[in-house]
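First the proteins, then the strands, lettered A, B, ... as listed; each starts at 1.
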There are 2 protein chains.
Amino acid sequence: MIAQATNSSEGLAQKLSDSGLRATPQRELVYRSLLQQRDHPTAEEVFARVKTEMPTISLATVYNCLETLVQCRLIRQVNHERSSTRYCPNLRPHAHFHDEQTGEIHDVDLPAPFLDQLKSMLPTNFHASAVEITFLGKSEKNS
Amino acid sequence: MIAQATNSSEGLAQKLSDSGLRATPQRELVYRSLLQQRDHPTAEEVFARVKTEMPTISLATVYNCLETLVQCRLIRQVNHERSSTRYCPNLRPHAHFHDEQTGEIHDVDLPAPFLDQLKSMLPTNFHASAVEITFLGKSEKNS
DNA sequence: TCCAAGTTTAGAACAATTCCAATTCGCATC
DNA sequence: GATGCGAATTGGAATTGTTCTAAACTTGGA
Ligand SMILES: [Mn+2]
Ligand SMILES: [Mn+2]
Ligand SMILES: [Zn+2]
Ligand SMILES: [Zn+2]
């Protein structure tokens with residue numbers, strides 16, 4: 001059986017070394033914290049979370065690690081208006097739903113054919129390499 | 001014949017006074033400059049453009065005017081990643097295509113039914129009031 | 001064991017935006 | 001046509017999220 005990306009720290013060392021980078025304790029911890037609590041935290045929130053486990057880590061390092069993970073395509077940035085960048089370890093193609101009441105961000109999986117349809121809608125002189133879709137609205141608590 | 005929104009400064013005074021606000025020279029100028037050059041300028045760019053016509057205007061006022069126009073729904077903010085907010089006077093529902101080479105932003109009109117389809121794709125506990133769609137890619141110069 | 005390159009760190013710097021307090025503007029009333 | 005008053009503008013200070021810098025630390029391999 002071919003190992004699928006298991007969303008655990010295994011893929012981390014691999015993808016990092018693919019880019020000629022090291023799997024440091026800080027990078028592993030930052031990545032693990034994102035997988036553990038998939039609520040699209042900001043850098044400051046990640047900092048607060050990892051500090052409990054590694055009290056000496058610095059905010060600059062958290063920013064560095066996050067940027068590294070983004071570059072290795074292990075995580076993605078999520079931006080909304082001008083507020084702090086948030087981070088998402090969900091690598092499937094998906095949209096983001098911003099709950100305007102709570103500020104929470106939820107992942108919304110979208111069928112791949114739909115995204116293709118969307119790209120095909122562009123004028124012929126536009127060639128899209130990526131599409132970002134963001135919903136704004138309110139979500140009912142699910143009981 | 002019923003006057004349609006004519007994208008000229010006429011609608012401005014109306015929509016402003018609807019919100020209990022005045023149509024000041026600064027607000028009119030900022031709005032006119034956005035209509036004149038529809039390239040999604042930043043606040044600083046708007047500032048540079050209007051200064052040629054009103055050398056005494058301040059950057060703070062440009063920010064104030066832009067915010068006011070957004071609140072009156074005469075223009076819209078366009079954000080990408082964490083770069084400066086840009087402003088768009090196109091009120092039709094449309095997506096934005098970011099040319100990664102040039103940094104230019106182009107409006108892409110999308111069929112309304114498509115946007116409805118998109119919203120209908122959400123889980124039933126999500127109620128979207130707005131959708132934002134951003135394409136990234138390159139565009140060929142049209143001759 | 002030692003080295004060079006990679007990484008982390010604290011704090012300074014930066015850039016976009018917002019805030020603030022003082023002045024100016026402009027409609028309404030006298 | 002002056003006066004009053006809230007709205008709007010202004011320059012500069014403050015804020016905030018992020019990046020930069022330079023020094024210290026770590027590590028895999030010669
Ligand atoms: Mn990015
Ligand atoms: Mn807005
Ligand atoms: Zn996500
Ligand atoms: Zn636009």
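- If you measure from atom CD of Glu67(B) to atom C1' of dT18(C), you get 9 Å, rounded to the nearest angstrom.
- A side-chain N or O of Ser139(B) and one of Asp99(B) form a donor-acceptor pair less than 3.5 Å apart.
- Nucleotides of DNA chain D with any atom under 4.0 Å from a heavy atom of chain B span, from 5' to 3', dG6(D) to dT18(D).
- Nucleotide dC20(C) holds its C1' atom 15 Å from the CG atom of Leu59(B), rounded to whole Å.
- Rounded to an integer number of Å, the gap from OH of Tyr87(B) to P of dA16(C) is 12 Å.
- Contact annotation: Thr85(B) does not reach the phosphate of dA16(C) (side-chain N/O to OP1 or OP2, under 4.0 Å).
- Between the OH atom of Tyr31(A) and the P atom of dT7(C) there is a distance of 18 Å, rounded to whole Å.
- Separation of the Tyr31(A) and Tyr87(A) ring centroids does not fall under the 6.0 Å cut-off.
- A salt bridge links Asp39(B) with Arg49(B): the closest approach of a Lys/Arg side-chain nitrogen to an acidic carboxylate oxygen falls below 4.0 angstrom.
- Distances shorter than 4.0 Å separate some side-chain N or O of Arg27(A) from OP1 or OP2 on dT7(C).
- Rounded to an integer number of Å, the gap from Glu81(A) CD to dA16(C) P is 18 Å.
- Glu44(A) comes within 4.0 angstrom of no nucleic acid atom, judged by non-hydrogen atoms across all strands.
- Smallest separation of non-hydrogen atoms from His80(B) and Leu136(B): CE1-CD2, 3.5 Å.
- Rounded to an integer number of Å, the gap from Gln26(B) CD to dC25(C) P is 9 Å.
- Under 3.5 Å, the side chains of His94(A) and His96(A) contain a donor-acceptor pair of N or O atoms.
- Using a 4.0 Å heavy-atom criterion, one finds that Thr61(B) contacts the bases of the nucleic acid, with or without backbone contacts as well.
- When the P atom of dT7(C) is taken as reference, atom OH of Tyr63(A) falls 20 Å away, rounded to whole Å.
- Considering only side-chain N and O atoms, Thr56(A) lies nowhere under 4.0 angstrom from the phosphate OP1 or OP2 of dT8(C).
- In this view, Gln36(A) satisfies the side-chain contact (heavy atoms from CB on, under 4.5 Å) rule with no residue, not counting sequence neighbours.
- Residue order along DNA chain C, read from the 5' end via each residue's closest nucleotide, puts Cys65(A) first among Cys65(A) and Thr42(B).
- Taking atom CG of residue Asn79(A) and atom C1' of nucleotide dA16(C), one finds them 14 Å apart after rounding to whole Å.
- The residue Ser83(B) sits apart from the nucleic acid: no heavy atom pair falls under 4.0 Å.
- Nucleotides of DNA chain D nearest to Leu21(B) and Arg82(B) differ in position, and the one nearer the 5' end is that of Leu21(B).
- Side chains of His106(A) and His40(A): a donor-acceptor N/O pair is absent below 3.5 angstrom, by distance only.
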